[in-house]
Amino acid sequence: SSVSNPYIITLGSEYYNFTAYCTGDGSHTPSSKQFFLTVQKASNPITLHLNSSPSNQTISYGQSINASAYIQFGTVNLYKNNSAVSNPDIQSLGAGYHIYLANSSGDSNHTSNSTYFSVTVQQIPSTTSLFLNNSQDNLTLTFGQSVNASAYCDYGTPSLYMNSSSVTNPSSKAKYS
């Protein structure tokens, strides 16, 4: 179809054929000229933030992570360890290494794109308490006195040892004479 001359327009991503025709006149023959125009897709930057930062994160167990993905054109999908999650994804993760991936298939005029960052969730230290006769310190006794050795821990199960041998620790507490 014919277009205005000059034809000024912003075209979508596609392959175009422009042809110019000249009818000629009594002294000149008709002529034409043909060129092809390729409009490539524009880049489509994708942004991934972990706790408001566009970078890998290291957090302690019990802290939350907020993973949010943004893209200007098209739809963005968010994945954690290869499983789809909501965008944003706000949760507390288990200790270990996790990967967040933001992916977009783009649209008719913009490229697909993806980016990823990692979250390392560090274990938090547990606390072990050892009491000798209700004191958290070394103890000196005289022969004939008894010792009450008790072990407690905030996470997990306590074990009590005397001279590198396991001793009974009923209900996280043991008494020895």
Can you measure from [atom1] ([X]) to [atom2] ([Y]) and round to the nearest 0.5 angstrom?
| X | Y | atom1 | atom2 | value |
| --- | --- | --- | --- | --- |
| Leu139 | Asn134 | CG | CG | 10.5 Å |
| Ser64 | Ile90 | OG | CD1 | 8.0 Å |
| Asn51 | Ile59 | CG | CD1 | 6.5 Å |
| Gln63 | Gln122 | CD | CD | 9.0 Å |
| Ser135 | Asn148 | OG | CG | 11.5 Å |
| Ile99 | Lys80 | CD1 | NZ | 11.5 Å |

- Message: Quick check on Gln123: does its CD atom have over 12 non-hydrogen neighbours (other residues, nucleotides or ligands) under 6.0 Å away?
- Response: no

- Message: Could you check whether atom CG of Asn82 has more than 12 heavy atoms from other residues, nucleotides or ligands sitting under 6.0 Å from it?
- Response: no

Minimum-distance pair of heavy atoms, taken over all atoms of [X] and [Y]:
| X | Y | result |
| --- | --- | --- |
| Cys153 | Gly156 | SG-O, 3.4 Å |
| Thr142 | Gln145 | N-OE1, 2.6 Å |
| Asp107 | Gly74 | OD2-N, 3.9 Å |
| Ser104 | Asn44 | OG-ND2, 4.1 Å |
| Ile124 | Tyr61 | CG2-O, 3.6 Å |
| Leu130 | Gln136 | O-CG, 3.5 Å |

So do the side chains of [X] and [Y] get within less than 4.5 Å of each other, counting heavy atoms only?
| X | Y | answer |
| --- | --- | --- |
| Asn66 | Leu50 | no |
| Tyr21 | Lys33 | no |
| Tyr16 | Val39 | yes |

- Evaluate the side-chain contact (heavy atoms from CB on, under 4.5 Å) criterion for residues Tyr79 and Val85: first the C-alpha distance (whole Å), next the side-chain angles of each, then the deciding distance (0.1 Å), finally the verdict. CA-CA 5 Å; Tyr79 300 88; Val85 293; 5.8 Å; no

Test your reading of the model: is there a side-chain donor-acceptor pair from [X] to the backbone of [Y], 3.5 Å cut-off?
| X | Y | result |
| --- | --- | --- |
| Asp154 | Ser126 | no |
| Asn103 | Ser114 | no |
| Asn87 | Leu78 | no |
| Asn109 | Ser13 | yes |

- Task: Check the pair Leu37 / Leu11 against side-chain contact (heavy atoms from CB on, under 4.5 Å), numbers first and verdict last.
- Result: CA-CA 10 Å; Leu37 171 67; Leu11 297 169; 3.7 Å; yes

- Message: Classify the ring geometry of His110 against Phe73: parallel below 30°, tilted from 30° to 60°, perpendicular beyond 60°.
- Response: parallel

- Examine Leu101 and Tyr97 and state if one hydrophobic cluster contains both, with Ile, Leu, Val, Met, Phe, Trp and Tyr joined whenever side-chain heavy atoms are less than 4.5 Å apart. yes

- Can you get from Tyr116 to Val76 by hopping between Ile, Leu, Val, Met, Phe, Trp and Tyr side chains that sit under 4.5 Å apart? no

- Message: With side-chain hydrogen bond (donor to acceptor under 3.5 Å, both in side chains) as the criterion, how do Thr23 and Asp25 come out once you've worked through the C-alpha distance, each side chain's angles and the decisive distance to 0.1 Å?
- Response: CA-CA 7 Å; Thr23 59; Asp25 60 19; over 6 Å; no

- Are the ring centres of Phe131 and Tyr152 closer than 6.0 Å? yes

- Trace of the side-chain contact (heavy atoms from CB on, under 4.5 Å) decision for Gln57 with Thr120: CA-CA 6 Å; Gln57 294 292 299; Thr120 301; over 6 Å; no

- Asn56 side chain to Thr58 side chain, donor-acceptor N/O pair below 3.5 angstrom: no

- Message: As a quick check of understanding, evaluate ring-ring contact (aromatic ring centres under 6.0 Å, His included) for Tyr70 and His49, giving each step before the final call.
- Response: CA-CA 8 Å; Tyr70 309 94; His49 285 166; 5.7 Å; yes

